[in-house]
Amino acid sequence: MVTLITNDISSEEYLYLREKVGWVKLSSRQTKQAIEKSLFIVKAIDDEGNVIGMGRIVGDGAVICYIQDLVVIPEAQGKGVGSLIIDKLISYVRSIKEDGTTMMLCLMCAKGREKFYEKHDFMARPTDSLGPGMIQYL
């Protein structure tokens, strides 16, 4: 069984998850700020209390939010953990959206993971009316 915990992740857990999937290493200052400046964080733990995944929401909380760092360790992938996390993240954004308004919920998808996000009603860009997403590494 997977348990979801909100807004409670340590720097060590965050860095462990990033390392397990081969993401870029962060400094302790970057790690601390990433956690502190998140609007919402979901952590998934297994029956033994081990962290196996996480996701966070960043943004202004009014017009736009981003799903950031959705990660599930390889041993737990394909078991519904990512879906539990993303559903909780989407639910949070819906809960902060002002009635009668629209909020954009965006993300940058890792190559090959498009089908997972499409399952959760995200659309790939570009479309007829939306250009491609873009990025710059500094």
Side-chain angles (χ1 to χ4, degrees):
M1 183 171 153
V2 174
T3 302
L4 298 180
I5 299 170
T6 59
N7 296 320
D8 181 20
I9 191 164
S10 69
S11 293
E12 294 77 20
E13 290 171 323
Y14 181 55
L15 291 172
Y16 164 79
L17 291 168
R18 291 180 61 89
E19 181 182 328
K20 285 290 281 183
V21 295
W23 287 358
V24 173
K25 291 186 180 188
L26 302 177
S27 72
S28 46
R29 185 188 65 73
Q30 285 178 302
T31 302
K32 184 176 186 272
Q33 274 197 290
I35 293 169
E36 288 177 358
K37 300 220 181 228
S38 297
L39 296 175
F40 185 71
I41 299 173
V42 176
K43 171 176 74 175
I45 59 170
D46 65 15
D47 288 335
E48 289 85 44
N50 301 309
V51 63
I52 58 172
M54 66 135 331
R56 61 191 185 105
I57 298 290
V58 299
D60 61 26
V63 177
I64 190 163
C65 286
Y66 291 89
I67 293 177
Q68 189 64 43
D69 298 336
L70 180 60
V71 57
V72 175
I73 63 171
E75 300 85 357
Q77 290 178 8
K79 298 178 181 174
V81 177
S83 289
L84 290 172
I85 294 169
I86 199 167
D87 288 345
K88 189 78 168 176
L89 295 171
I90 293 168
S91 178
Y92 167 78
V93 173
R94 285 191 178 161
S95 79
I96 64 169
K97 185 183 85 59
E98 184 180 345
D99 288 341
T101 68
T102 300
M103 187 175 325
M104 290 181 286
L105 178 57
C106 305
L107 58 85
M108 303 245 337
C109 174
K111 191 166 181 69
R113 302 286 192 218
E114 295 86 355
K115 294 289 182 212
F116 171 79
Y117 292 105
E118 288 170 354
K119 234 176 30 175
H120 295 278
D121 297 326
F122 286 87
M123 68 176 129
R125 293 178 71 168
T127 67
D128 290 340
S129 60
L130 299 171
M134 304 184 80
I135 191 169
Q136 180 183 79
Y137 288 102
L138 303 174

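One-based numbering along the sequence shown.
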For [X], all residues meeting side chain to side chain donor-acceptor pair (under 3.5 Å), sequence neighbours excluded:
X: E36; result: K32
X: S11; result: none
X: N7; result: none
X: K88; result: none

Provide the closest heavy-atom pair for [X] versus [Y] in the form atom of the first, atom of the second, distance.
X: L39; Y: C65; answer: CD1-SG, 4.0 Å
X: I85; Y: G55; answer: CG2-N, 3.8 Å
X: A44; Y: V81; answer: CB-CG1, 3.8 Å
X: G131; Y: P126; answer: C-CB, 3.8 Å
X: K43; Y: I9; answer: CD-CG1, 4.1 Å
X: L84; Y: L4; answer: O-CD1, 3.7 Å

I'd like to check the side-chain contact (heavy atoms from CB on, under 4.5 Å) partners of [X]; sequence neighbours left out, ordered by chain and number.
X: D69; result: Y14, R18, W23, M54, R56
X: M123; result: T127, L130
X: I73; result: Y16, L17, K20, I52, E75, A76
X: R29; result: S27, Q33

Next on the checklist: Any heavy-atom pair between the side chains of I57 and L105 that's under 4.5 Å?
Outcome noted: yes
Item to check | Nearest-0.5 Å distance that lies between atom CD in E13 and atom CG in N50 | outcome: 9.5 Å
Next on the checklist: Does D46 form a side chain to side chain contact (heavy atoms under 4.5 Å, CB included) with K79? I'd like the steps, not just the answer.
Outcome noted: CA-CA 12 Å; D46 65 15; K79 298 178 181 174; over 6 Å; no
Checklist outcome for this item: Residue pairs passing the side-chain hydrogen bond (donor to acceptor under 3.5 Å, both in side chains) test with at least one member in residues 91-102, sequence neighbours excluded, are none
Checklist entry - How is the hydrophobic cluster of Y66 composed, in terms of its other members, when Ile, Leu, Val, Met, Phe, Trp and Tyr link through side-chain heavy atoms under 4.5 Å apart, directly or indirectly? => result V58, V63, I64, M104
Which donor-acceptor pairs under 3.5 Å do the side chains of residues 106-122 make with protein atoms, sequence neighbours left out?
| unit_1 | atom_1 | unit_2 | atom_2 | d |
| --- | --- | --- | --- | --- |
| E114 | OE1 | G112 | N | 3.0 |
| H120 | ND1 | D87 | OD1 | 3.2 |
| H120 | NE2 | S83 | OG | 3.0 |

Checklist outcome for this item: Hits for salt bridge (charged side-chain N to carboxylate O under 4.0 Å, His left out) against K37, two or more places apart or cross-chain, chain-then-number order -> none
